[in-house]
Amino acid sequence: MKFVKPTQEMAIDIGLGMREEDEVEIRLSHNVDPVSAMLESFINSDICDALQGDDGTPVGMCGVAKQSIWLLGTDNLTVNKSHKKFLCIEGKEWVDNCLKEVGKPLGNWVYAENKKSIKWLKYLGFTVNDPRPYGHNRALFCQFWRFN
């Protein structure tokens, strides 16, 4: 896997193939469909990168909009050990670089049932708060943040 320059077409492809846990999260938090979420995130982000899988297809996109950091992907985002290792090693470096570029704390909300994402966020150095109602459906989400 590697970071590549994102395009609108990639955002649409990722939205059309979005993994279930990301789709559930965006519907509960913002009541939007996957393609709309991807396009809005792509267009409104100050920092945005796409993730290309080992097979050359787009598997995810990540970015920062103001101080909100985000990542949305397809099932192929974590399809093998190579991709998972990349998300941990390169993901941590990417977050470090975003913190430096933005110069302010970064954070967002994660659906409380998304245990794998919460574990990964903690690995990346984020503090994850206890669940509380958030978003369109007032489902339980955890706010997460990182200062440095």
Side-chain angles (χ1 to χ4, degrees), residues 1-53 57-78 83-137 139-148:
M1 191 155 60
K2 65 181 178 178
F3 287 111
V4 296
K5 183 178 179 180
T7 66
Q8 184 172 343
E9 291 76 24
M10 288 177 187
I12 292 168
D13 287 347
I14 294 163
L16 290 171
M18 188 174 288
R19 58 190 178 158
E20 183 179 355
E21 58 265 36
D22 286 348
E23 182 174 350
V24 168
E25 188 169 279
I26 61 167
R27 288 192 186 275
L28 289 174
S29 63
H30 294 85
N31 196 32
V32 295
D33 64 272
V35 173
S36 296
M38 286 304 307
L39 288 172
E40 288 176 29
S41 297
F42 169 70
I43 290 166
N44 295 320
S45 290
D46 306 305
I47 300 169
C48 188
D49 288 296
L51 294 157
Q52 186 179 72
T57 62
V59 298
M61 200 172 279
C62 51
V64 177
K66 297 185 180 166
Q67 287 179 254
S68 293
I69 193 164
W70 60 272
L71 177 135
L72 296 167
T74 68
D75 285 331
N76 288 331
L77 184 65
T78 56
H83 286 197
K84 290 176 185 175
K85 183 177 178 181
F86 183 92
L87 286 172
C88 290
I89 305 302
E90 300 299 325
K92 198 166 198 173
E93 186 175 321
W94 185 85
V95 171
D96 291 345
N97 290 334
C98 289
L99 281 162
K100 288 176 191 170
E101 186 171 333
V102 172
K104 297 177 183 175
L106 297 175
N108 209 331
W109 294 83
V110 60
Y111 183 43
E113 297 299 317
N114 203 338
K115 304 299 184 193
K116 288 180 183 177
S117 291
I118 292 170
K119 183 178 177 181
W120 177 66
L121 288 164
K122 288 178 178 179
Y123 175 83
L124 295 179
F126 286 93
T127 298
V128 180
N129 294 340
D130 291 335
R132 66 180 203 195
Y134 172 80
H136 174 76
N137 284 7
L140 291 179
F141 277 72
C142 302
Q143 188 173 29
F144 64 90
W145 50 272
R146 187 171 150 196
F147 289 103
N148 56 29

With heavy-atom distances below 4.5 Å as the criterion, would you say the side chains of Glu93 and Asn97 are in contact?
yes
Closest approach of Cys98 and Leu106, non-hydrogen atoms and distance?
CB-CD1, 3.8 Å
Can you tell me how the ring of Trp109 sits relative to the ring of Tyr134, calling it parallel under 30°, perpendicular over 60° and tilted otherwise?
parallel
Can you see which heavy atom on Val128 is nearest to which on Cys142, and at what distance?
CG1-CB, 3.6 Å
First locate atom CG of Asn114, then atom CD of Glu25, and finally report the distance between them rounded to the nearest 0.5 Å.
5.5 Å
Value rounded to 0.5 Å, distance of NE2 in His136 from CD1 in Ile26:
12.5 Å
Heavy-atom nearest pair, Phe141 first then Ser29, reads CZ-CB, 3.7 Å
Val64 and Glu101: side-chain contact (heavy atoms from CB on, under 4.5 Å), yes or no, with the steps?
CA-CA 10 Å; Val64 177; Glu101 186 171 333; over 6 Å; no
With side-chain contact (heavy atoms from CB on, under 4.5 Å) as the test, would you mind laying out the steps for Leu51 and Leu87 before giving the verdict?
CA-CA 10 Å; Leu51 294 157; Leu87 286 172; 4.3 Å; yes
Can you name the one residue among Met38, Arg27, Met18, Glu23 that meets side chain to side chain contact (heavy atoms under 4.5 Å, CB included) with Asp33?
Arg27
Angle class for the Trp94/Phe3 ring planes (parallel below 30°, perpendicular above 60°, tilted otherwise)?
parallel
Side chain proximity check, Asn129 to Trp145, heavy atoms < 4.5 angstrom:
yes
Pairwise distance CG(Leu140) to CD(Glu113) - rounded to 0.5 angstrom:
7.5 Å
Could you walk me through whether Trp120 and Leu71 pass the side-chain contact (heavy atoms from CB on, under 4.5 Å) test, one step at a time?
CA-CA 12 Å; Trp120 177 66; Leu71 177 135; 4.2 Å; yes
Output for pair (Asn44 CG, Ser68 OG), nearest 0.5 Å, gives 11.0 Å
Got a second to check how far Lys5's NZ is from Met10's CE, nearest 0.5 Å?
10.0 Å
Check whether any side-chain heavy atom of Leu124 lies under 4.5 Å from a side-chain heavy atom of Lys92, and answer yes or no.
yes
In this structure, CD of Gln143 is separated from CG of Asn108 (nearest 0.5 Å) by 8.5 Å
What closest approach, in Å, do Pro34 and Gly15 show between heavy atoms, and which atom pair accounts for it?
CB-O, 3.1 Å
Beyond-backbone contact of Asp96 with Arg146, side-chain heavy atoms, under 4.5 angstrom
yes
Quick check: does any side chain N or O of Gln52 sit under 3.5 Å from a backbone N or O of Lys2, one acting as donor and the other as acceptor?
no
I'd like to know if the side chain of Asp22 reaches the main chain of Gly73, judged simply by a donor and an acceptor atom lying under 3.5 Å from each other, with no hydrogens or angles considered.
yes
Can you check whether Ala37's main-chain N or O pairs, donor with acceptor, with Ser41's side chain at less than 3.5 Å?
yes
Does the side chain of His83 come within less than 4.5 Å of Thr78's, by heavy atoms?
no
Residues Ser117 and Arg19: closest non-hydrogen pair is OG-NH2, 4.4 Å
With a 4.5 Å heavy-atom cut-off, do Ile14 and Leu77 have their side chains touching?
no
Side chains of Thr127 and Phe147, heavy atoms from C-beta outward: is any pair under 4.5 Å?
no
